[in-house]
Number of protein chains: 2
Amino acid sequence: MSRMKSIEPTINADDVAPPPRAAQKILSVARDLFYRQGIRAIGVDEIVKRAGVTKPSLYRSFPSKDELAASYLRQYDLEFWDRFDEAVAAHPGDPRAQIAAFLTRVGKRTQKADYRGCGMTNAAVEYPERSHPARIVSEANKQELRRRLRAMAAAMGAADADTLGDGLLLLIEGAYISGQLFGLGGPAQSVARNADLLIGASLKK
Amino acid sequence: MSRMKSIEPTINADDVAPPPRAAQKILSVARDLFYRQGIRAIGVDEIVKRAGVTKPSLYRSFPSKDELAASYLRQYDLEFWDRFDEAVAAHPGDPRAQIAAFLTRVGKRTQKADYRGCGMTNAAVEYPERSHPARIVSEANKQELRRRLRAMAAAMGAADADTLGDGLLLLIEGAYISGQLFGLGGPAQSVARNADLLIGASLKK
DNA sequence: TGACAATGTTACCGATCGGTACGTATACAT
DNA sequence: ATGTATACGTACCGATCGGTAACATTGTCA
C-alpha cells in the first residue's frame, strides 16, 4: 500500500510486455537464488519477498515451486546453448577449436569467486527422482550435450568417436563440480588443456 | 584403537567405549537415506522412524542433523579410501595400473541401477556454504584425493604431473555425476578408457 | 537388593514449508 | 458511469521442519 510513487503521469509506454510483470521478476529472482543457494535451500517465501511480490502472484504464474524450478532450468538451458553455439560459431568447421574455445571459457568461469557449477547438474543432484520436473529438463539438456559432443568427436576424426565424446563430457562435468568444490586454483582451470590432450590421443593415426 | 573383533562372550574387553546401539543403527539408516535421496530431502523424523528409535535418541548421539550428515560423510570417507587403497595395493609400484583398477571399478559401479554418485560430491552440491559441517568433510576428502592423484601422476612420469592429476580428478568427478545423470549406458562407463588415453598422452616422450 | 547412569519414550515447541480462499485495485470497452 | 477481466494483496491452511523438556525403562555394578 506504500506504492505512493505514482508520479508517472500516464501509463508506461515502454512496458508493453503482455506476460505479467511479476512473473518475470519472480523468475529472475528465483534464478539467482536457486543457482547460488540451491533449489531445496530456497523457500517460496524468500523468493516473493526478494521479488517484492506476494505468494499468490507466484502461484498465478507458476503451478508449483517444482515448476518454477523447471522454468528456471529451461531459461538456463537457453543461455547454455547460447554460450555453446557462440564457441561453435567462432570456429566454423573446426570442432577441435570449438571445444577448445568452449572449455577455455568454462575454465575461466570456474575460477570466479561466486561460481556454483552447472545449474542443470546441481538440480539433478538435488532431485534424484526421474519424474521431477526440474530433473526432466536437466536430463534432456545433458542428453543433447552428449549427442553433440559425440557428433563433434566424429567430425574430428576420432578413432572411437563415442568414447571421445563421452570423455569430453566427463571432463566438462568434472569441471562444473570441481569448480564449486575447490575454489580458485582448482582442477577445473586445466579442463581445456586436458581435453586437448585427450583429443590428441583419440584421433586416428 | 581396539580394532580386534573379539568373540569373547564375557565382558567387552575391546569395545571400551561402547557406542550406543541406537547410534549405530541411526547412522546406518541415515547413511542409506542420505545417499539415495539426498541430505536435504530427508528429515530426522524419517530417519528415526526407519531406525526404529525416537528423536531424542538421535540427538543424544549427534548434536544436530548437520553433524549427523558430517558423521555419515566421515564414514563414507573411510570406505572411499578403503576402495582406493585396495586398487593401489593390487598393483604395487604401478600407479598407472592402480588408476586403471580404481576407475574400472568406478565405471562398473556407475552402471548399477541405484547408483547415486559420490556422497561427498553430492553433499557439496547440496551445501554450498563453506562452513557447513558436511561440506568441510567433503572438501577435505577432495583435497586429499587431488593430492594423491597428482602424486601418482608424478610417479608415472607425466610431463606435467599436476595437470594430469587434475585431469584424472575431472574424469572421476565427471563419472560420479554422469553415473547418476545418465543411467545405464551413460558416459561414465568409459571413464577408465578415457583416463588411460589421457595418461598415455601426458607421459614424457 | 539398591544405586546410578545410560538409553528409550511421550509429548511438545516455534519456525518454516508449499499452497490457497477470498477480497481488492486497476485498466479498458461499452 | 458501469460491466468485466485481469493482476495483486491479506490472511490463513495443514504438514513438516529441526530440536527439546520431562519422564519411564533398562542394564550393570557394588
Side-chain angles (χ1 to χ4, degrees), chain A residues 1-27 29-30 33-34 37-72 126-127 129 132-134, chain B residues 8-13 15-30 33-34 37-72 123 126-127 129 132-134:
Chain A
M1 282 308 152
S2 56
R3 195 102 310 190
M4 305 275 292
K5 58 181 309 184
S6 59
I7 313 279
E8 300 295 324
T10 58
I11 48 175
N12 41 2
D14 53 350
D15 201 352
V16 291
R21 310 190 321 277
Q24 211 68 15
K25 185 76 208 257
I26 288 167
L27 187 54
V29 169
L33 293 178
F34 282 163
Q37 323 241 126
I39 299 172
R40 291 199 119 113
I42 296 296
V44 290
D45 290 277
E46 178 141 11
I47 293 173
V48 299
K49 201 179 81 183
R50 297 227 201 183
V53 299
T54 55
K55 255 195 283 193
S57 292
L58 191 158
Y59 283 97
R60 251 174 247 118
S61 300
F62 305 93
S64 65
K65 185 200 174 186
D66 289 345
E67 280 300 332
L68 172 60
S71 292
Y72 145 58
E126 286 197 272
Y127 296 98
E129 222 164 298
H132 193 284
Chain B
E8 286 110 87
T10 60
I11 322 175
N12 42 0
D15 213 349
V16 279
R21 305 192 325 277
Q24 211 68 15
K25 184 77 208 256
I26 288 167
L27 187 54
S28 160
V29 169
L33 293 178
F34 283 164
Q37 322 242 126
I39 299 172
R40 290 200 120 111
I42 296 296
V44 291
D45 291 277
E46 177 139 13
I47 293 174
V48 299
K49 203 179 80 181
R50 296 227 202 185
V53 299
T54 54
K55 256 193 285 190
S57 293
L58 190 157
Y59 283 97
R60 263 189 288 269
S61 299
F62 305 92
S64 65
K65 184 200 175 185
D66 289 345
E67 280 300 333
L68 172 60
S71 292
Y72 144 58
E126 285 198 273
Y127 295 99
E129 223 164 297
H132 192 285

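Convention: sequence-line order gives letters A, B, ...; per-chain numbering from 1. Computed from a predicted model, the values in this text were never measured in an experiment.
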In this structure, how many angstroms lie between the C1' atom of dC17(D) and the CD atom of Gln37(B), rounded? 17 Å
Check the distance between dT10(D)'s P and Lys49(A)'s NZ and give it to me in whole angstrom. 15 Å
Who are the side chain to side chain contact (heavy atoms under 4.5 Å, CB included) partners of Thr54(B), not counting sequence neighbours? Pro56(B), Ser57(B)
Across all chains, not counting sequence neighbours, the side chain to side chain contact (heavy atoms under 4.5 Å, CB included) partners of Val48(A) are Val53(A), Lys55(A), Leu58(A)
For Lys49(B), side chain to side chain contact (heavy atoms under 4.5 Å, CB included) partners two or more places apart: none
Is the phosphate of dG8(C) approached by Thr54(B) (side-chain N or O, under 4.0 Å from OP1 or OP2)? no
Ring pair (Phe, Tyr, Trp, His ring centres under 6.0 Å) partners for Tyr59(A), two or more places apart: none
Provide, to the nearest angstrom, the distance between the CZ atom belonging to Phe62(A) and the P atom belonging to dA7(D). 13 Å
According to side chain to side chain contact (heavy atoms under 4.5 Å, CB included), who are the partners of Glu129(B), at least two apart in sequence or on a separate chain? Ser131(B)
Value in whole Å for how far the P atom of dC17(C) lies from CD1 of Ile47(A): 10 Å
Under 4.0 Å, counting only non-hydrogen atoms across every strand here, what does Ser57(A) touch: a base, just sugar-phosphate, or nothing? sugar-phosphate
Specify the separation, in whole Å, of atom CD1 of Ile26(B) and atom C1' of dG19(D). 14 Å
Do Glu46(A) and Val29(A) touch side chain to side chain, with heavy atoms closer than 4.5 Å? no
Distances under 3.5 Å only, N/O to N/O: pair up the protein atoms with those of nucleotides 18-22 of chain C.
{"unit_1": "dG18(C)", "atom_1": "OP1", "unit_2": "Lys65(A)", "atom_2": "NZ", "d": "2.8"}
{"unit_1": "dG18(C)", "atom_1": "OP2", "unit_2": "Val44(A)", "atom_2": "N", "d": "2.9"}
{"unit_1": "dG19(C)", "atom_1": "OP2", "unit_2": "Tyr59(A)", "atom_2": "OH", "d": "2.7"}
{"unit_1": "dG19(C)", "atom_1": "OP2", "unit_2": "Lys65(A)", "atom_2": "N", "d": "2.8"}
{"unit_1": "dG19(C)", "atom_1": "N7", "unit_2": "Lys55(A)", "atom_2": "NZ", "d": "3.3"}
{"unit_1": "dG19(C)", "atom_1": "O6", "unit_2": "Lys55(A)", "atom_2": "NZ", "d": "2.2"}

